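This structure is in structure tokens; I'll ask about it shortly.
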Amino acid sequence: MDKRRWLVRAFGALAVVWILAGAFSGRSMAAEEGTRVSILFTHDMHSHINSFQTVYQGEDVNIGGFARIQTIIDRQRGKDPETLLVDGGDFSMGSLFQTVYETQASELRLMGAMGYDATTFGNHEFDFRSKGLENMLHMAANSGEELPSLLVCNVDWTGAGEEQEEIRAAFKEYGVKDYEIVEKNGVKIALIGVFGEDALACAPTCALSFQNPAEAVAETVEEIREKEEADMLVCLSHCGTNEDKKKSEDEIIAQKVPELDLIISGHSHTTLEEPLVYGDTYIVSAGEYGKAVGSFSMVEKDDGRWRIEDYELIPTTEEIPEDEEIKEQIAAFEETIDADYLSRFGYTADQVLAHNAYAFSTVQDLEQIHTEHNLGNLMADAYIYAVETAEGYDGVPVDMAVVPSGTVRDTYVPGNITVEDVYNSFSLGIGKDGVPGYPLISVYLTGKELKTAAEIDASVTDFMKTARLYMSGMNMTYNPHRLILNKVTDLYLTRGDNGLALPGGSGGNVERIELEDDKLYRVVADLYSGQMLSAVTDMSYGILSLEPKNADGTPVTDFEDCIVYDGDMELKAWAGIAKYIASFEANADGVVEVPEYYAAPQGRKNVEDAKDLGSLVKNPNQYAVMIAAVVILAVVLLAALLIVIIKLVKKAAAALMQQ
């Protein structure tokens, strides 16, 4: 055999091995070492199509908006026309644009116009129940416009009933898939969508079942290996990360599916200034509401895997000009919002309700700093005011209103507070009437149950920060150093301190009212929060009992029967807040102003930072006694066990000595 023929055969054999290796790995041969893929990403946009006023990195800013994001996209695609543009879900629910979710599908249509390659489902896409999601998908599909791919690999259709089959039909019409292969700069990229376990727990109106995210992603990766050629594996995840590594679903996926090159991590609203890295898998997050756009490059290494370069989060502040074409499309949707939704409340989106001169707490403050916050105070006060001034008010005073931190979506900054600002601050849900916005409900709890609720707030919400409670009508003091479920050291109702919320109230003449264990007290909250109250008993296996009741003391069986009406309309939580803010007094120039009352704390939630023994053990409640009894019993049992062991050891030793 001559040398030339031998070389040809040798190179041929090497080529076969190379091709087989590529087929085995599931990666194509198109990409070469040093190949670069540019990526832009967002997640948790929550219908924040317009720019908005909020606090970002400690500054009062006007930020976000699809028109600014489009400018960032255009700049990047000017450098690399084949930049991958993806989203991590929860693209809807969080602003007035969600009110035309079913009829306009503005989020997906605009994302299509902006050139998004793909997104996935978040829990809030299910907020308007199955029918709302179906209507939105049908509308988007029938628009005839360019749309982003919708990807989710872990829906479990086993045993699907009629409702689930209707969702499946909407998925089919839109073209929802487990994964999709896109090509950028000659690189074949497999995009996989996945829905998280915590996301499902946060979606009480979701009718679908889901497989374990990590297992489903692993199965999908295996399917891609068998059927496709892919150089890069990217997971669009609505699972999220968590400080508790055992609950950090995207970090779990990264460890269990090491073949993944990249995870776009949504759901937890995390801002990662640097990627999390597990082996060759990167996890990235850019925060919520389009406040920043994630930007980076993936550069191929010599082993066929990828490394991240030039990672940055680009803030969408006023320095970024708005794209005029996207701005015009947004304006068209805004006209629909005013006409189809806000008109029924007598508002327009840009209507000014009051001027604000004060700094309000941020949403992050409500969750991270466990004390009183003026943002929570104002909203809770608004609930009482709205109920007690509603058309058809039954005359029964509201004893207490409660606002959990997880229901608050944004804050107010100094300047004019508009209708859109208020809606953005409390934008979740839908009512029994099918109209966007959670309504207020009225239920009754006993004094004993209110004490339990306060203990849950003081003891448990460090582990579930979205459940922290902000109140009107009830003041509490707690010591974080005391025994769990025995942290509250003072608790009472008020009538007068929260006077701005009460018709004719003084806003300063406090009336202290002691709680009576067996007495029923009227409590107002939004529909979602009321439903969560009743879940406490089940979640604590009956140890903590909260059973919302009707006025006659019978248990509530359907919270929609407890909805408060303003005339013939459901009293929406956001509309109650808007009504309250608009009720503030005008100054000499006729400008309605947020009162100075909200510039300082009102003593509603006080932290007693005392570690002396007397402070730690005084006034033990039933839970402290129960815990102490369990501890004492455990100590006694341990001591008895030690005595038995010692006796057995002595007996054995004695037996050995006799041998």
Side-chain angles (χ1 to χ4, degrees), residues 50-56 58-65 95-96 317-318 322 331 334-335 337-338 341-363 365 372-391 401 403 408-427 472 496-509 566 571-602 604:
N50 254 339
S51 59
F52 57 98
Q53 302 285 341
T54 191
V55 177
Y56 180 71
E59 300 291 332
D60 298 335
V61 294
N62 180 287
I63 201 167
S95 80
L96 279 169
T317 49
E318 290 180 290
E322 294 182 315
E334 286 182 304
E335 291 179 7
I337 292 167
D338 280 348
Y341 181 72
L342 287 177
S343 61
R344 71 183 73 195
F345 300 95
Y347 291 131
T348 59
D350 59 0
Q351 181 176 337
V352 175
L353 298 170
H355 183 268
N356 171 43
Y358 307 107
F360 275 88
S361 306
T362 67
V363 173
D365 291 338
E372 178 181 351
H373 291 287
N374 57 354
L375 182 61
N377 287 355
L378 183 147
M379 289 181 167
D381 289 351
Y383 286 5
I384 295 180
Y385 176 86
V387 170
E388 295 191 354
T389 59
E391 181 183 344
V403 178
V408 182
R409 312 305 285 182
D410 214 335
T411 189
Y412 311 125
V413 300
N416 289 334
I417 299 178
T418 66
V419 170
E420 185 171 22
D421 294 331
V422 171
Y423 192 93
N424 287 353
S425 73
F426 204 100
S427 55
S472 179
D497 178 43
N498 311 31
L500 285 170
L502 309 173
S506 63
N509 185 19
D566 190 359
L571 178 52
K572 304 294 184 181
W574 78 265
I577 298 168
K579 181 181 181 181
Y580 180 53
I581 292 175
S583 76
F584 295 150
E585 291 185 3
N587 62 20
D589 297 322
V591 177
V592 175
E593 291 186 316
V594 174
E596 189 178 359
Y597 178 81
Y598 290 109
Q602 304 299 323
R604 302 187 192 184

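Predicted model, so just to flag it, every value in this text is computed and none were measured.
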### Task
Taking ring pair (Phe, Tyr, Trp, His ring centres under 6.0 Å) as the test, write out the residues that go with Phe345, two or more places apart.
Tyr341, Trp574

### Query
Hey, is the main chain of Ala349 close enough, under 3.5 Å, to the side chain of Asp338 for a donor-acceptor pair?
yes

### Task
Provide the closest heavy-atom pair for Ser95 versus Ser427 in the form atom of the first, atom of the second, distance.
N-CB, 4.0 Å

### Summary
Shortest non-hydrogen pair, Thr54 vs Phe52, comes out as CG2-CE1, 3.5 Å

### Query
Any idea which heavy atoms bring Ile384 and Ala401 closest together, and the distance?
CG1-CB, 3.7 Å

### Task
Starting at CZ of Arg344, measure out to NZ of Lys572 and round the result to the nearest 0.5 Å.
8.5 Å

### Task
For Ser343, enumerate each residue passing the side chain to side chain contact (heavy atoms under 4.5 Å, CB included) test, keeping only those at least two apart in sequence or located in another chain.
none

### Query
Closest heavy-atom contact between Met379 and Ser425?
CE-OG, 3.5 Å

### Message
Under the rule for side chain to side chain donor-acceptor pair (under 3.5 Å), what residues qualify as partners of Asn424, not counting sequence neighbours?
### Response
none

### Task
Assess the side chains of Ser472 and Tyr383: does a donor N or O sit below 3.5 Å from an acceptor N or O?
no

### Contacts of type side chain to side chain contact (heavy atoms under 4.5 Å, CB included), residue Ala582, not counting sequence neighbours
Leu353

### Query
Passes side-chain contact (heavy atoms from CB on, under 4.5 Å), Asp421 versus Thr418? Steps please.
CA-CA 5 Å; Asp421 294 331; Thr418 66; 3.1 Å; yes

### Query
By side chain to side chain donor-acceptor pair (under 3.5 Å), which residues pair with Ser51, not counting sequence neighbours?
Asn62

#### Entry: Atom pair NE2/OG1 of His373 and Thr411 - distance to nearest 0.5 Å
10.5 Å

### Task
To the nearest 0.5 Å, tell me how far Tyr385 OH sits from Phe584 CZ.
9.0 Å

### Non-neighbouring partners of Asp350 that pass side chain to side chain contact (heavy atoms under 4.5 Å, CB included), sequence neighbours left out
Thr348

### Contacts of type side chain to side chain donor-acceptor pair (under 3.5 Å), residue Asp589, not counting sequence neighbours
none

#### Entry: His355 vs Asn587, side-chain contact (heavy atoms from CB on, under 4.5 Å): CA-CA, chis, key distance, verdict
CA-CA 10 Å; His355 183 268; Asn587 62 20; over 6 Å; no

### Task
Under the side chain to side chain donor-acceptor pair (under 3.5 Å) rule, collect the residues that match up with Asp365, sequence neighbours excluded.
Thr362

### Query
Say you draw a straight line from CD of Glu59 to OG1 of Thr317; how long is it, rounded to the nearest 0.5 Å?
11.0 Å

### Query
Just by modelled atom types, is the Ala600 backbone N or O under 3.5 Å from a matching donor or acceptor in the Asn374 side chain?
no

### Task
Could I get the full list of ring pair (Phe, Tyr, Trp, His ring centres under 6.0 Å) partners for Phe426, not counting sequence neighbours?
none

### Query
Can you name the closest pair of heavy atoms from Gly376 and Val403 and give their distance?
O-CG2, 4.5 Å

### Message
Which heavy atom of Leu96 sits nearest to which heavy atom of Ile337, and what is that distance?
### Response
O-CD1, 3.7 Å

### Query
Taking only residues two or more places apart in sequence, or in another chain, which ones meet Asn377 in a side chain to side chain contact (heavy atoms under 4.5 Å, CB included)?
Glu372, Tyr598, Gln602, Arg604

### Message
Evaluate Leu378 against Ile581 for side-chain contact (heavy atoms from CB on, under 4.5 Å), listing each step before the verdict.
### Response
CA-CA 9 Å; Leu378 183 147; Ile581 292 175; 4.2 Å; yes

#### Entry: Step-by-step side-chain contact (heavy atoms from CB on, under 4.5 Å) determination, Val594 to Tyr412
CA-CA 11 Å; Val594 174; Tyr412 311 125; over 6 Å; no

### Task
List for me each residue that meets salt bridge (Lys or Arg N to Asp or Glu O under 4.0 Å) alongside Asp566, sequence neighbours excluded, and say none if there are none.
Lys579

